[in-house]
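Following: one structure in structure tokens, then a few remarks.
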Amino acid sequence: MAANDPFQFQEFEESSLQAADKDSTTISIEGDLINLETLRNTPDLTSDGGDNDLLASDDKAELLSGQKKSAPFWTFEYYQMFFNVDTRHVKERIIGSVLPWPGRNFIHIYLRRNPDLYGPFWICTTLVFAIAISGNLSTFLVNLGKPDYTYTPEFGKVTIAATAIFIYAWLVPLAVWGFLLWRNNKIMNLVSYSFMEIVCVYGYSLSIYIPAVVLWIFPFEWLRWLSILLALLLSGSVLVFTFWPVVRDDHPKMITAVMSAIVVLNVLLAVGCKAYFFSKPEPVLKPTMVAAVIHANATT
């Protein structure tokens, strides 16, 4: 074979290639040499992509480091994240609120530093309409059969029930949060909850009252008081078990005051709704008493 055969494989030394262009970096792809230094200096290829990569890297760095800026509390975006909750989580929190257990903190077990307003809002709204509708039905059943009674729905009960329920579900947590914040400044080792966590606990603690209110339709006082006591026991237990770890290291007088206030306000809500929205059924007259009333009316 001739020495200058064009089909003979020839090896090129790396030193000869580097000597040809010392300032550029080259890559060989199927025999073609691509100058990377030229690509770096091309503005059309790097201007937009570089900025997007930098922005994306900055967003990822903020998310990974937990320094992503949150929206102010007066904006819609701030409260939007509290409605981003799965149905499974809401179901678990409702079950946990109606089945409390000693030593189980509702915030630590069910919220996990991720409170929501979806469950509390719909629980309060459902309770408002349940109280108003059940109260109207109860009044109708109590007065059923009276010849001079004409049923007229009382829509004002919805407004009154909404005012009472949402004041309890928002202003009471605000007062509790302010008090705990004040005590935390006095005693540094106290456990602290956020305002949204306290609102979430109070909202879910009202879920047991929805079936209890439905039972108040029937004009039986013993059934109403039995359902009230059961609802107070379960709802109050959720609140006591949740806030006990916060105040147990405080002064004994403060512990008594806080726990008593939480329980008393819960009792006032339940008893007040029962007394205002549900009429007490009139006692049933015995036949002898009916005859006596008729005889008294005839003599007069």
Side-chain angles (χ1 to χ4, degrees), residues 63-68 70 73 78-124 126-127 165-166 168-210 230-252 254-267 269:
L63 291 174
L64 293 176
S65 62
Q67 296 177 357
K68 189 72 174 177
S70 59
F73 71 92
Y78 176 81
Y79 296 96
Q80 187 177 8
M81 63 181 178
F82 294 109
F83 289 87
N84 187 16
V85 63
D86 296 335
T87 305
R88 176 176 58 87
H89 294 155
V90 175
K91 182 179 179 180
E92 290 177 354
R93 294 171 183 183
I94 292 176
I95 295 175
S97 66
V98 299
L99 296 176
W101 196 258
R104 300 183 66 179
N105 191 319
F106 185 84
I107 291 180
H108 292 165
I109 295 177
Y110 297 102
L111 299 189
R112 303 182 185 93
R113 296 298 177 181
N114 185 27
D116 71 285
L117 294 179
Y118 180 86
F121 173 79
W122 285 112
I123 289 173
C124 293
T126 305
L127 182 58
I165 296 300
F166 280 97
Y168 176 81
W170 281 91
L171 293 186
V172 174
L174 180 61
V176 173
W177 173 73
F179 178 82
L180 295 180
L181 189 64
W182 171 65
R183 293 305 300 173
N184 192 29
N185 293 330
K186 296 290 184 180
I187 304 176
M188 299 303 296
N189 59 345
L190 290 180
V191 182
S192 180
Y193 297 146
S194 66
F195 173 66
M196 289 300 173
E197 289 175 341
I198 299 177
V199 170
C200 192
V201 173
Y202 267 85
Y204 278 104
S205 68
L206 295 175
S207 59
I208 188 60
Y209 285 106
I210 296 176
L230 182 60
L232 284 175
L233 178 62
L234 297 177
S235 179
S237 298
V238 174
L239 298 176
V240 170
F241 295 156
T242 300
F243 292 103
W244 171 251
V246 181
V247 300
R248 63 185 175 185
D249 295 330
D250 205 339
H251 193 274
M254 288 295 177
I255 297 175
T256 305
V258 173
M259 292 290 102
S260 300
I262 291 174
V263 174
V264 168
L265 290 174
N266 193 14
V267 173
L269 177 70

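Because the structure is a prediction, the values reported are computed rather than measured. Positions are given from 1, in the same order as the sequence printed here.
Classified by interplanar angle (parallel below 30°, tilted 30° to 60°, perpendicular above 60°), the ring pair F195/W170 is tilted.
You'll find the side chain of K91 reaches within 4.5 Å of the side chain of I95, heavy atoms only. Residues Y193 and I107 form a side-chain contact, since some pair of their non-hydrogen atoms from C-beta on lies under 4.5 Å apart. By the 4.5 Å heavy-atom criterion applied to side chains, T242 and Y110 are not counted as neighbours. For the pair H89/D116, no side-chain contact is recorded, criterion being any heavy-atom separation below 4.5 Å from C-beta on. Inter-residue side-chain proximity for V199 and P115 is flagged as unmet; no heavy-atom pair is nearer than 4.5 Å. Here the side chains of F243 and V258 are not in contact, with every heavy-atom distance at 4.5 Å or above. Side chains of V172 and I198 form no contact here, defined as non-hydrogen atoms less than 4.5 Å apart. The side-chain heavy atoms of L232 and Y209, taken from C-beta on, include a pair separated by under 4.5 Å.
W177 and S194 get closest at one heavy-atom pair: CD1-C, 3.8 Å. Contact record, G119 with Y204: CA-OH, 3.5 Å, taken as the closest heavy-atom pair. Closest non-hydrogen pair, L111 versus E197, comes out as CD1-O, 3.9 Å. The two residues P120 and G203 make their nearest non-hydrogen contact at CB-CA, 3.7 Å. Contact detail for R93 and N114: the closest heavy-atom pair is NH2-O, 3.0 Å. Taking both residues in full, the closest heavy atoms of T256 and S260 are given as O-OG, 2.6 Å, listed atom of the first, atom of the second, then distance.
Once rounded to the nearest 0.5 Å, the distance linking CZ of R183 with CD1 of I255 reads 10.0 Å. Atom CG of L269 and atom CG of L127 lie 7.5 Å apart (nearest 0.5 Å).
Among I262, N266, V238, the single residue meeting the side chain to side chain contact (heavy atoms under 4.5 Å, CB included) criterion with Y202 is I262.
No donor-acceptor distance shorter than 3.5 angstrom exists from the side chain of S205 to the backbone of S235, with no hydrogens or angles considered. Counting only distance, with no hydrogens or angles, the side chain of T126 and the backbone of I123 share no donor-acceptor pair below 3.5 Å.
Aromatic pair F106/F241: centroids not less than 6.0 angstrom apart.
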- Message: Set out, in order, the CA-CA distance, both residues' side-chain angles and the distance that settles side chain to side chain donor-acceptor pair (under 3.5 Å) for D86 and Y118, then state yes or no.
- Response: CA-CA 10 Å; D86 296 335; Y118 180 86; over 6 Å; no
- Query: Where do M254 and V247 land on the side chain to side chain contact (heavy atoms under 4.5 Å, CB included) test, with the steps shown first?
  - Reply: CA-CA 8 Å; M254 288 295 177; V247 300; over 6 Å; no
